[in-house]
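Since the model is a prediction, treat every value here as computed from it, not as a measurement.
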Amino acid sequence: MARSTRRMPPRAAARDRHGRGIRSSVVGPHLAPLRTRVDFFDACIASAVDYLRDLWPDELERVRFEVAAVPTGEPGADGVDRWRVSRKARTVVLYRLPIERMAHLHRDDEWHRRSYIESCVFRAVAELLGKDPWDIAPERYRHF
């Protein structure tokens, strides 16, 4: 049997399908980059935390906020955790996938998703501070 002397092209050249050139990015230089669900979630958390830090500077001075994909371990008595609070470690961990996927919004648009994510942050901070969630940010949703 004769061995083939044909060499495989380098990996980058293999992406040049059918002589059309290497693919470009999804958005061109004239468009803004795409915003993913993770980016949207992180932006909602950051804006809510900044707002609460302005309202409660002393109480939230050394509190660390983290975002994780899913909770570790078994579900709690109330089901899947959407956040976990540690008063001792002064940490609030928000779980992105349970918050996003178990929201059951009556209207699935950006405003309602943002409101739900913010409400989870407010309830987690209320749990940390031992306060009622409505007392955490009374002016935030005054128009309701």
Heavy-atom side-chain contact between Leu52 and Val121 under 4.5 Å:
yes
Test side chain to side chain contact (heavy atoms under 4.5 Å, CB included) on Val67 and Asp42 and set out the steps.
CA-CA 8 Å; Val67 174; Asp42 289 344; 4.1 Å; yes
For atom CZ of Arg37, is the number of surrounding heavy atoms from other residues, nucleotides or ligands below 6.0 Å larger than 12?
no
Side chains of Val70 and Tyr95: closer than 4.5 Å at any heavy-atom pair?
no
Are the charged groups of Arg53 and Asp50 less than 4.0 angstrom apart, N to O?
no
Separation between CZ of Phe65 and CZ of Arg90, rounded to the nearest 0.5 Å
9.0 Å
Would you call the rings of His112 and His106 parallel, tilted or perpendicular, taking 30° and 60° as the class edges?
perpendicular
Quick one: does Arg87's side chain have a donor or acceptor within less than 3.5 Å of a partner on Leu128's backbone?
yes
Specify the closest pair of heavy atoms between Ser86 and Ala89, including all atoms of both residues, with the distance to one decimal.
OG-N, 3.2 Å
If you measure from CG on Leu94 to CZ on Arg123, what distance do you get to the nearest 0.5 Å?
10.5 Å
Of all heavy-atom pairs linking Pro71 and Pro98, the shortest is CD-CG, 3.7 Å
With a 3.5 Å distance limit and no angle check, can you tell me whether Arg101 reaches the backbone of Leu97 through a side-chain donor-acceptor pair?
no
Taking Asp81 for its side chain and Trp83 for its backbone only, find out whether a donor-acceptor pair lies under 3.5 Å.
no
Provide the closest heavy-atom pair for Leu60 versus Val125 in the form atom of the first, atom of the second, distance.
CD2-CG1, 4.0 Å
Interatomic spacing from CD1 in Ile117 to CD1 in Ile45 - rounded to 0.5 Å
6.0 Å
From the list His104, Arg82, Glu100, side chain to side chain donor-acceptor pair (under 3.5 Å) partner of Tyr116 resolves to Arg82
Just verifying a value: how many Å separate Ser115 OG and Arg107 CZ, rounded to the nearest 0.5 Å?
12.0 Å
Would you kindly confirm whether Phe40 and Val49 end up in one hydrophobic cluster when ILVMFWY residues are joined by side chain heavy atoms under 4.5 Å apart?
yes
In short, Ala124 meets Val85 closest at the heavy-atom pair O-CG2, 3.5 Å
Are a donor atom and an acceptor atom from the side chains of Glu61 and Trp56 found within less than 3.5 Å of each other?
no
Please name the pair of heavy atoms, one in Ile99 and one in Ala103, separated by the smallest distance, quoted to 0.1 Å.
O-CB, 3.6 Å
Quick one: which residue pairs count as a side chain to side chain donor-acceptor pair (under 3.5 Å) with a foot in residues 65-74, not counting sequence neighbours?
Arg64-Glu66
Do Tyr51 and Ser47 have side-chain heavy atoms sitting under 4.5 Å apart?
no
Among residues at least two apart in sequence or on other chains, which ones pass side chain to side chain contact (heavy atoms under 4.5 Å, CB included) with Asp108?
Leu105, Arg113
